[in-house]
Amino acid sequence: MELALNQPAPLFKRLSWFDWLFAAIVAAGALFALSRFGDYMDIYEKAILLAAIPSLAVFGWFWKPFRPLFIGVGLISLFAISQYQGDLTRMEQAFFLKYLISSQAAIMWMCALFGLATLAYWAGLLTRSEFTMKTGSTLSWAAITLGFVGLMVRWYESYLIGVDVGHIPVSNLYEVFVLFCLITAMMYLYYEARYQTRQLGALVLLVISAAVGFILWYTFDRQAHEIQPLVPALKSWWMKLHVPANFIGYGSFSLSAMLGVGYLLSSRGILSSRLPSLEVIDDMMYKAIAIGFAFFTIATILGAMWAAEAWGGYWSWDPKETWALIVWLNYAAWLHIRLVKGLRGPMLAWWAVIGLFVTTFAFLGVNMFLSGLHSYGEL
Amino acid sequence: MNTVPHSFGKSLFELMSSMRFAISLLSILAVASIIGTVLKQAEPYGNYLIQLGPFWFEVFEKLGLYDVYHAAWFLLILTFLVASTSVCIFRNAPNFVREMKSFREHVSEQSLNAFKHKHEAVTQLAPTALAASAQRYLEGQGYKVKNLTREEGVLLAAKAGSWNRLGYLLAHSAIVLICVGGLLDGNMVFKVQQLLGYKKIETRDIPQSQVPAISRLGPSNPSFRGSVQIPEGSSADVVFLNVADGYLVQDLPFTVGLKQFRIEHYTTGQPKSFESDIELFDKSGQKIKEATIAVNHPLVYDGVAIYQASFADGGTRMSLRGWNLFAPTASSFPVEGVVQQSTALSSGAGEYTLEFTDFRPFNIENMGGDIAPAGDAMGVLGSSPVSDNKHLRNVGPSVQFKLRDARGQAREFSNYMLPLELNGRWYMMTGVRESPNEAFRYMRMPLDAEGNIESFMRLRGALLNAELRPQIAARFARQALPQNAWGTEIEDKLKFSATQMLALFAEGGFQSLGRFIEEKVPAAERDKAAGTYLRIIELAAFEALQIANSQAGLPPPPADEATGWLVRDSLNSISDMFVYGAPIYLQLMQYDEVKASGLQLTRSPGQNVVYFGSLLLTLGVFFMLYVRERRVWLRVKPGSALLAMSSAKHSIDFEKEFAQHAQALDTLVK
Ligand code: HEM
């Protein structure tokens with residue numbers, strides 16, 4: 001085997017024309033946005049936009065399926081925006097907007113597709129049908145695409161409501177729940193491809209379906225999908241960094257918990273002939289927690305820096321902050337046990353599952369039951 | 001085994017640097033942190049007392065649960081964490097540094113043979129030639145390789161991912177650094193001073209200038225976080241630090257003046273920005289800086305950061321009209337007031353203290369009905385995220401005040417300046433509540449065709465005026481009866497009933513009428529009687545309004561539907577007056593708003609330490625989690641090559657890599 005002997009080619013030599021095209025598209029899009037809307041941005045927002053070019057390009061090179069996703073979302077979003085013709089009422093009139101790609105329609109489609117994906121994964125798992133599970137993956141990709149389109153279009157719609165109302169859609173519980181579904185699904189699909197195993201989709205999609213259920217309840221019962229202007233405390237470029245980083249953390253912790261469930265089921269002989277080997281599940285679980293821990297660390301630090309600018313202190317022991325610390329300590333302990341003590345097995349799987357409850361409380365429970373400075377996320 | 005007894009110090013060292021201890025500390029810290037999120041922190045102590053009762057209040061206070069994160073025992077846990085992490089670093093660092101540098105070239109062939117991950121290959125190649133190509137291969141894979149001559153051949157010792165260890169050092173030192181930075185910004189210095197009796201918390205509500213030196217902190221205090229409210233046009237050179245059930249006064253190194261405070265609103269009425277134009281002056285009164293601060297945009301000057309934290313009324317001046325609700329006339333008297341000040345009020349209704357608590361220039365109220373439920377499923381798909389804020393409306397300014405009677409009892413009132421439209425008619429609204437945790441109950445007073453409250457007041461005065469009652473009753477009887485009944489006994493009876501009804505009504509509104517019916521009328525006839533009495537009162541009230549108007553030299557009210565509603569609404573309002581809880585109504589006429597900005601000022605020398613620690617932590621975590629430490633050895637002898645591989649942490653990736661190296665060796669030996 002000749003290949004094994006070659007040292008890995010330098011990154012730039014491994015890139016295909018499509019990689020370069022992708023980078024060019026990302027750069028062109030960002031630079032266009034900068035030239036067109038730069039007047040509305042402050043220096044930090046411009047810096048974030050510019051830093052997004054290499055970040056997204058490299059991310060696309062690292063994870064190839066991100067490239068078609070990015071381009072697809074971009075094209076559909078641009079099409080949706082063109083359908084608006086600068087007029088919000090077109091949302092109810094234009095066919096595509098009304099039924100497919102206005103923000104609300106797209107997000108509802110995302111919900112439906114995630115539901116279908118869950119069913120497909122389960123059907124595939126139970127009938128051992130690789131094809132059906134593959135359908136689950138495809139449906140998940142479609143859901144992710146529409147979810148991102150929904151968020152992009154929502155971003156645009158918020159500016160149509162009023163230039164001063166417009167803001168990035170990561171500002172309330174409804175929007176971040178959509179983000180949560182997308183991030184969790186993307187992380188799962190990454191590991192699915194990397195470990196060549198689709199059987200775990202059935203479990204992971206359950207937690208996404210639960211989030212979808214929440215989105216639906218929140219939409220129908222509370223009209224939470226309405227775009228509201230930002231309260232002054234949220235008007236900061238920090239939001240663009242802090243919130244997504246946090247949700248990478250929450251998403252991967254949820255992912256690890258569902259893998260933990262898989263581990264526990266399989267180690268008890270339930271579905272064990274259908275699920276991947278315990279070793280593989282265990283490894284995925286560790287990887288998910290590792291990436292979650294890293295991003296949660298960053299998110300908490302960014303949150304502290306934002307707090308220093310908004311509230312006058314980087315740490316106020318506000319309930320949300322404190323719960324973030326609790327989540328962080330929890331996974332720090334998890335990592336120590338696994339990496340330092342070398343422990344494996346059901347106990348860590350249980351711990352990852354319990355971690356989901358801790359995380360969910362930090363994410364939702366605090367907003368529901370405790371009050372504090374973070375109260376704009378209130379239910 | 002080791003039978004030499006450990007000294008205490010050694011055991012402590014062992015314990016502190018043990019993983020078990022670290023994990024326990026992490027868990028204990030997590031659990032302890034929960035307490036402070038469940039029990040609301042730093043509330044006024046009175047609230048806790050009500051919530052917990054005297055016994056538990058005391059217990060909780062002793063445990064420091066009202067400020068958990070600064071309680072001694074909590075700080076002790078943190079100290080242990082810092083100590084444990086430091087000891088752990090101290091213990092591991094030398095080893096780790098040595099390991100990072102070392103190639104472990106002294107490994108013996110025997111021990112290589114004992115490795116779990118080893119692979120042997122037969123070769124015809126000369127040891128040096130094979131070693132050279134293997135070295136090239138390993139270097140290509142990112143390994144650092146040491147080529148050592150050994151008896152009968154070569155030993156390659158290779159390592160990769162040493163930064164994993166560096167990551168450990170970075171991340172764990174960062175934790176120490178962050179905790180130390182946090183402590184620098186905490187109130188440790190004050191706590192020590194308090195313990196030694198140098199400083200004391202002030203709990204009295206006295207003017208700032210009278211706070212004694214023992215409760216003041218000097219401008220050189222290295223770290224503080226306090227707040228102050230400055231009215232427009234005023235300035236402050238201190239901030240207040242809330243501590244336990246009292247406060248401390250922190251003298252500032254400069255004076256902050258507030259020129260203007262602004263709130264901007266979105267078209268929907270929600271606040272969009274809070275901004276203060278501030279000026280800084282040095283101690284001699286020289287202006288040193290001028291700036292506008294806003295939420296998320298603080299000003300940092302001389303190590304002190306100034307934040308927009310809140311806002312309040314800064315002493316708005318108001319002109320009001322006081323109406324004596326139970327006076328038999330419709331006259332009013334002027335009242336002047338300033339928010340946050342109180343005045344004595346002596347009117348016909350007795351002696352009161354009027355304490356103006358707040359003024360709000362806007363009130364956004366939800367005036368709408370229910371949100372229409374979404375229709376069919378497809379309708380929802382296309383349903384708009386654009387909220388219709390039709391039901392939100394700015395209903396204008398309002399004033400809040402407390403009216404305290406001679407016994408010290410107070411009720412709180414909230415009066416709108418502008419009328420509100422309800423069911424197509426316009427009213428003045430005044431809200432009342434007994435205590436701050438209740439919602440306001442509203443009394444509404446109808447406006448006349450000119451949009452004034454005077455007609456209601458005239459009618460009210462006339463109905464409460466006993467002297468007018470015969471006249472009202474007479475006019476009413478004449479209007480109610482046909483001409484041939486005038487002067488008969490029927491008319492006298494009707495007049496008598498009307499007078500009686502009016503007197504009852506003046507005593508306590510519809511409530512007294514109801515009581516009268518219950519006492520005097522048999523159950524079977526009550527409904528009918530109530531209907532009759534209501535009709536009498538309404539018609540009599542219409543006559544009363546005629547009389548009141550003519551006495552005031554005004555034209556008679558038109559006999560139309562609007563007047564009918566005015567009379568009916570007035571009767572309801574008069575009935576409500578008896579349970580309103582104050583003998584006067586204060587109508588806000590004019591105001592000159594003065595706002596106050598709530599600023600928070602902090603000095604936190606630890607902030608940069610914490611930020612630097614955070615940077616190290618981030619780097620450290622990435623190195624620890626994403627740099628895999630591995631070692632490879634290749635012992636080449638004539639005829640054979642032995643590959644061995646090890647890592648502190650085994651994972652699937654490690655297995656894969658080992659398989660790849662083994663395969664590579666098989667290729668290289670050919
Ligand atoms: C808040 C406190 C702490 C945090 C967040 C933390 C975090 C971490 C993390 C994330 C790892 C990664 C595991 C790895 O990849 O090796 C680690 C490793 C480790 N931690 Fe901690 N740690 C903390 C406190 C401590 C304490 C108090 C000790 C002392 C007993 C300690 C000892 C170690 C050791 C020995 C390792 C293994 C290093 C290695 O072999 O690479 N940690 N820590």
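Worth knowing before you read on, the calculation uses all heavy atoms, side chains too, and leaves out hydrogens, waters and symmetry mates. Quick note on labels: first sequence line is chain A, next is B, and so on, each numbered from 1.
Among B:N296, B:T37, B:L601, B:L138, the residue making the largest number of heavy-atom pairs under 4.5 Å with chain A is B:N296. Contact count against chain A (heavy-atom pairs under 4.5 Å) is highest for B:I652 among B:V295, B:T602, B:T618, B:I652. For chain B, the option among A:G312, A:A304, A:A224 with the highest count of heavy-atom pairs below 4.5 Å is A:G312. Of the residues considered (B:V68, B:L615, B:V38, B:D185), B:D185 shows the highest number of contacts with chain A, using heavy-atom pairs under 4.5 Å.
With sequence neighbours left out, B:Y69 forms a ring-ring contact (aromatic ring centres under 6.0 Å, His included) with A:W317, B:F74.
Judged purely by distance below 3.5 Å, without hydrogens or angles, the side chains of B:Y168 and B:N92 pair a donor atom with an acceptor atom. Side chain to side chain, A:Y218 and A:H225 fail the donor-acceptor criterion of an N or O pair below 3.5 Å.
Heavy-atom distances place both the backbone and the side chain of A:S236 under 4.5 Å from chain B. Contacts of B:I178 with chain A are absent, with no heavy-atom separation under 4.5 Å from either backbone or side chain. Of the two parts of A:L160, neither the backbone nor the side chain holds a non-hydrogen atom closer than 4.5 Å to a non-hydrogen atom of chain B. Using a 4.5 Å cut-off between heavy atoms, A:I291 touches chain B through backbone and side chain atoms alike. Interface remark: A:D164 contributes backbone and side-chain atoms alike to the contact with chain B (heavy atom separation under 4.5 Å). Within the 4.5 angstrom heavy-atom criterion, atoms from both the backbone and the side chain of A:L230 approach chain B. The contact between B:Q607 and chain A is made by backbone and side chain atoms together, counting heavy-atom distances below 4.5 Å.
Using a 4.0 Å cut-off between a side-chain N of Lys or Arg and a carboxylate O of Asp or Glu, A:K240 and A:E45 qualify as a salt bridge. Of the charged side-chain nitrogens involved, at least one lies within less than 4.0 Å of a carboxylate oxygen, so that B:R628 and B:E657 count as a salt-bridged pair.
For the salt bridge (Lys or Arg N to Asp or Glu O under 4.0 Å) condition, the pairs that include at least one residue of residues 283-308 of chain A, sequence neighbours left out, are A:D283-A:K287, A:K287-B:D653.
Between A:Y191 and A:V280 there is no side-chain heavy-atom pair separated by less than 4.5 Å.
Remark: aromatic rings of A:F357 and A:F361 are distant, center separation not under 6.0 Å.
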